[in-house]
Number of protein chains: 2
Amino acid sequence: MTIGEAAAATGLPAKTIRYYEAEGLVTPLRGPNGYRRYRDSDVAKLAFVARARALGFTLDDCRALLALWTDRGRTSAEVKRIAAQHLDAIAARIASLQGMQAQLRHLVAACAGDDRPDCPILDSLAPCEPPPAR
Amino acid sequence: MTIGEAAAATGLPAKTIRYYEAEGLVTPLRGPNGYRRYRDSDVAKLAFVARARALGFTLDDCRALLALWTDRGRTSAEVKRIAAQHLDAIAARIASLQGMQAQLRHLVAACAGDDRPDCPILDSLAPCEPPPAR
DNA sequence: CTTGACCTTCCAGCCGGGGGAAACCCTATG
DNA sequence: CATAGGGTTTCCCCCGGCTGGAAGGTCAAG
């Protein structure tokens, strides 16, 4: 399996697959011509990483999850800890974005959006009354 | 006003203020010793950008908003368009994160988190049944 | 033989900064 | 006057997670 075929099989761009290799996630064999040769297990790992990335895990998380996946002596507690931490991080990011969203929604609703210059959005961003007239 | 004072006044790190200058957002004067000298209007712009960043606007957006702020001939429609677009982007990011959150929450809830290796989280990430035993 | 598709490596850039080196400036103190 | 300390300057590299492009090697088809 060449990198192009692995890319087609996983839906990942070939560039990304090479990047994952540089990051030590998946190390294919090499053919006599220097081309990368992906075993089924390599492709499985790539697909694993692709799914983990789709859930927002960092590449560091992916490395750890991949190691746990291939580790017969793992405990589900280790896996759960990583996932729970990531879940917290996601919740924090959502909360932060929702804060921005609430403020912005207010401002956008209050803005006339016509051809006059008065704008509550700019008023809210402006630290003090007079904008620099320059 | 030196950069350190401007930093204290705006809450922005001095490094960030220099970066904003490199990005063309705020251009201070220079004293005879080569030090940056921030006018009140510069500090106001920095504070403006700080608030816009806190609402998640990109630096490109900040540049545009800053230009509109100092433009007497602006229309609130222009401002609203930028803000509304950003609002859409925020909503999209929230939706994406919430999708991850829902899936992950499911998986985390289903994972025993004990010392056994069976784990629905890994099962969900694994593309096919057998993990590479290597 | 040539063409085109694929593969290889390397280098650079995106965003929004952060870390740190080496050098300069200013003030205060001994 | 020397020096110690704090601030400031420029410079370049680093982060994550890729993405684009250049320059060259390989392979199968026409």
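Residue numbers start from 1 in every chain, and the chains themselves are labelled A, B, ... in the order their sequence lines are given, proteins ahead of strands. Worth knowing before you read on, the calculation uses all heavy atoms, side chains too, and leaves out hydrogens, waters and symmetry mates.
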Requested in this report: Could you check which residues of residues 13-22 of chain A get a heavy atom under 4.0 Å from DNA chain D? Sort them by number, please.
Outcome: A/P13, A/K15, A/T16, A/Y19, A/Y20
Report task. Could you tell me which non-hydrogen atom of B/L87 sits nearest to which non-hydrogen atom of A/R105, and how far apart they are? Result -> CD2-CA, 3.8 Å
**Report entry** Nucleotide of D/dT9, C/dG16, C/dC7 approaching B/R53 most closely (side-chain heavy atoms)
**Finding:** C/dG16
Requested in this report: Measure the distance from CZ on B/R30 to C1' on D/dG7 and round it to the nearest whole Å.
Outcome: 14 Å
**Report entry** Heavy atoms of other groups near A/R93 CZ, more than 12 under 6.0 Å
**Finding:** no
Query raised in the report: Are B/N33 and C/dC24 close enough that a side-chain N or O sits under 4.0 Å from OP1 or OP2?
Result: no
**Report entry** Neighbours of DNA chain C within residues 89-97 of chain A, by heavy-atom distance under 4.0 Å
**Finding:** none
Query raised in the report: Given atom CZ of A/R37 and atom P of D/dC27, what is their separation to the nearest angstrom?
Result: 14 Å
Query raised in the report: Using 4.0 Å as the upper bound for N to carboxylate O, is an ion pair formed by B/E21 and B/R30?
Result: yes
Query raised in the report: Rounded to the Å, how far apart are B/F57 CZ and C/dG17 P?
Result: 15 Å
Query raised in the report: How close or far is atom C1' of D/dC18 from atom CD of A/E23, stated in whole angstroms?
Result: 10 Å
Query raised in the report: The side chain of B/L59 lies closest to which of these nucleotides: C/dC26, D/dC18, C/dG16?
Result: C/dG16
Requested in this report: Mind listing the closest non-hydrogen atom pair of B/V108 and A/K80 along with its distance?
Outcome: O-CE, 3.3 Å
Query raised in the report: Would you say a side-chain N or O of A/R36 is under 4.0 Å from OP1 or OP2 of C/dT8?
Result: yes
Query raised in the report: Looking only at heavy atoms, what is the nearest atom pair of B/S76 and A/D118, with distance?
Result: CB-O, 3.2 Å
Requested in this report: Return the value, rounded to whole Å, for the distance between atom CG of B/L25 and atom C1' of C/dG16.
Outcome: 11 Å
Requested in this report: Take A/C62 and A/R53 through the side-chain contact (heavy atoms from CB on, under 4.5 Å) test and state the conclusion after the steps.
Outcome: CA-CA 7 Å; A/C62 290; A/R53 289 291 300 140; 3.9 Å; yes
**Report entry** A/K45/A/D42 ion pair, N-O < 4.0 Å
**Finding:** no
Query raised in the report: Given atom NE2 of A/H86 and atom C1' of D/dG16, what is their separation to the nearest angstrom?
Result: 14 Å
Requested in this report: Answer yes if the side chains of A/D114 and B/T75 hold a donor-acceptor pair under 3.5 Å, and no otherwise.
Outcome: no
Report summary line: Whole-Å distance, B/I3 CD1 to C/dC26 C1', equals 17 Å
Report task. In whole angstrom, give the distance that lies between atom CG of B/L12 and atom P of C/dG16. Result -> 14 Å
